[in-house]
Amino acid sequence: MMRTRPLKVALLGCGVVGSEVARIMTTHADDLAARIGAPVELAGVAVRRPGKVREGIDPALVTTDATALVKRGDIDVVVEVIGGIEPARTLITAAFEHGASVVSANKALLAQDGAALHAAAEENGKDLYYEAAVAGAIPLIRPLRESLAGDKVNRVLGIVNGTTNFILDKMDSTGAGYQEALDEATALGYAEADPTADVEGFDAAAKAAILAGIAFHTRVRLDDVYREGMTEVTAADFASAKEMGCTIKLLAICERAADGASVTARVHPAMIPLSHPLASVRGAYNAVFVESDAAGQLMFYGPGAGGSPTASAVLGDLVAVCRNRLSGATGPGESAYAALPVSPMGDVVTRYHISLDVADKPGVLAQVATVFAEHGVSIDTVRQQGKDGEASLVVVTHRASDAALNGTVEALRSLDTVRGVASIMRVEGE
């Protein structure tokens, strides 16, 4: 039997995502009520610019006083889509303290202060849901947190930023340079006027921290995630990748160590074989590959950003939180019982593709091979091309630690026959 008294929802932010959340709440009101077991009512919308016309939203609901809105006491759920650290952190905490559960899409805040927010939710007996914080419309957090709760996740490997995937896909498919591909992404609305958060990997790193924390039942903060942007990826790198039967993606990689005693989380460009499912992810789409003991290999794919896809994830959380509200229960909170240490990047073991500019004369290859051997880095393949006294030497290694590879590269730079290190790229997804 449906309850007639509506559940009241406060919306913090009414931009691209917030306005779409409000629209869906209105146009799908009957369906949402049937799925929840009670009507949901938009009780207030906090914005920075109250004079802006917002189609479909009663101007009487609009306020600039977000603090007063979350402290009203009659609000059942606060939906936070304003982003950033403050005032979002203070507002979410106040919402818990004044009786509301929270649905958030704030990856930066969750990556930085997720533990404190979970603690505040638990202390006040409220829910904190955030499916929309990672990979847009793709159901990912709930499967990791609930569907795989009885399994042991060993690796999460994913494309979690649509802007960077669009740029790299354009470079791969057309031969365009980085700046040309970025300009097209900007013109099409995929890239912000300031694309730093995307192309330097900050956005993906925040998502990696959230995914690693859930997958490994361990607190992983943004500062724990190694981050490397993609601005130095060149058309020459893609040409080398194609010769290896690979392409290049900006990947978020969260791994449990082979002995199970630690975890790592990192974001960087990497070559992946064309046979790997992630290699075929095109345009601005996202995809995440999960490897676990019992379930094996799983892949989650779909649109990772945009108003409608992100709003879909927000509304899914809203339905779940409202159902919990009606039943007097709360959903899963933070699971950090494993408390595994997060290893530094130097401990990470992977394959490497190194391109060197060297002198074209006898003995160079032997010198280079000796340096690799002295640092314990095994060579898989070598390719050399020379002309007019100069040559390029491409070395692909077997698996080696990042620390060992860095030592090797430093030693190579000291050789008189090595003119420079043109590029270094990890090879993932074997």
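- Between the side chains of Ser262 and Ser343, at least one donor N or O sits under 3.5 Å from an acceptor N or O.
- Residues Leu140 and Ala135 come closest through the heavy atom pair CD2-CB, 4.3 Å.
- A donor atom on one side chain and an acceptor atom on the other are not found under 3.5 Å apart for Ser392 and Gln384.
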Practice prompt. Check step by step if side chain to side chain donor-acceptor pair (under 3.5 Å) holds for Thr196 and Asp194.
Written response: CA-CA 6 Å; Thr196 302; Asp194 179 2; 2.6 Å; yes
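- Stacking of Arg227 on the aromatic ring of Phe202 is recorded, both the 6.0 Å distance cut-off and the 45° axial limit being met.
- Within 6.0 Å of atom CZ in Arg383, more than 12 heavy atoms from other residues, nucleotides or ligands are found, so the atom counts as buried in its surroundings.
- A donor atom on one side chain and an acceptor atom on the other are not found under 3.5 Å apart for Asp65 and Thr63.
- Residues Val418 and Asp357 form no side-chain contact, since every pair of their non-hydrogen atoms from C-beta on lies 4.5 Å or further apart.
- A donor-acceptor pair under 3.5 Å links the side-chain atoms of Ser240 to the main chain of Ala236, judged by distance alone.
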Mind listing the side-chain donor-acceptor pairs of residues 107-120 below 3.5 Å, one per line with the distance, residues two or more places apart or on another chain?
{"unit_1": "Lys107", "atom_1": "NZ", "unit_2": "Asp203", "atom_2": "OD1", "d": "3.3"}
{"unit_1": "Asp113", "atom_1": "OD2", "unit_2": "Arg89", "atom_2": "NH1", "d": "2.3"}
{"unit_1": "His118", "atom_1": "ND1", "unit_2": "Glu334", "atom_2": "N", "d": "3.4"}
{"unit_1": "His118", "atom_1": "NE2", "unit_2": "Tyr130", "atom_2": "OH", "d": "3.0"}

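- Salt bridge present: Arg282 and Asp169 bring a charged side-chain N and a carboxylate O closer than 4.0 Å.
- At least one side-chain heavy atom of Ile354 sits under 4.5 Å from a side-chain heavy atom of Thr397.
- Taking 4.0 Å as the cut-off between side-chain N and carboxylate O, Arg155 and Glu428 count as a salt-bridged pair.
- Counting heavy atoms from C-beta outward, Val281 and Asn286 have side chains that stay 4.5 Å or more apart.
- Within 6.0 Å of CD on Glu192 lie no more than 12 heavy atoms contributed by other residues, nucleotides or ligands.
- With hydrogens and angles left out, the side-chain atoms of Asp183 and Thr186 include no donor and acceptor closer than 3.5 Å.
- Residues meeting the side-chain contact (heavy atoms from CB on, under 4.5 Å) test with Asp151, sequence neighbours left out: Leu148, Ser292, Asp293, Ala294, Ala295.
- The neighbour count for Glu146 CD, taken as heavy atoms of other residues, nucleotides or ligands under 6.0 Å away, is above 12.
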Taking distance alone, no hydrogens or angles, what donor-acceptor pairs closer than 3.5 Å link side-chain atoms of residues 399-410 to residues at least two apart or in another chain?
{"unit_1": "Arg399", "atom_1": "NH2", "unit_2": "Val349", "atom_2": "O", "d": "3.0"}
{"unit_1": "Ser401", "atom_1": "OG", "unit_2": "Ala404", "atom_2": "N", "d": "3.0"}
{"unit_1": "Asp402", "atom_1": "OD1", "unit_2": "Tyr352", "atom_2": "OH", "d": "3.0"}
{"unit_1": "Asp402", "atom_1": "OD1", "unit_2": "Arg426", "atom_2": "NH2", "d": "3.0"}
{"unit_1": "Asp402", "atom_1": "OD2", "unit_2": "Asn406", "atom_2": "ND2", "d": "3.1"}
{"unit_1": "Asn406", "atom_1": "ND2", "unit_2": "Asp402", "atom_2": "O", "d": "3.3"}
{"unit_1": "Thr408", "atom_1": "OG1", "unit_2": "Ala404", "atom_2": "O", "d": "2.8"}

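- The environment of CD in Glu55 is sparse: at most 12 heavy-atom neighbours from other residues, nucleotides or ligands sit within 6.0 Å.
- A donor-acceptor pair shorter than 3.5 Å can be found between the side chains of Asn161 and Thr164.
- Using a 3.5 Å distance cut-off with no hydrogens or angles, the side chains of Thr247 and Asp172 do pair a donor with an acceptor.
- Counting heavy atoms from C-beta outward, Glu86 and Thr90 have side chains that approach closer than 4.5 Å.
- Side chain to side chain, Glu228 and Tyr226 meet the donor-acceptor criterion of an N or O pair below 3.5 Å.
- Of all non-hydrogen atoms in Leu318 and Met25, the two that sit nearest each other are CD2-SD, 4.2 Å.
- Using a 4.5 Å cut-off on side-chain heavy atoms (C-beta onward), Val102 and Asp127 make no contact.
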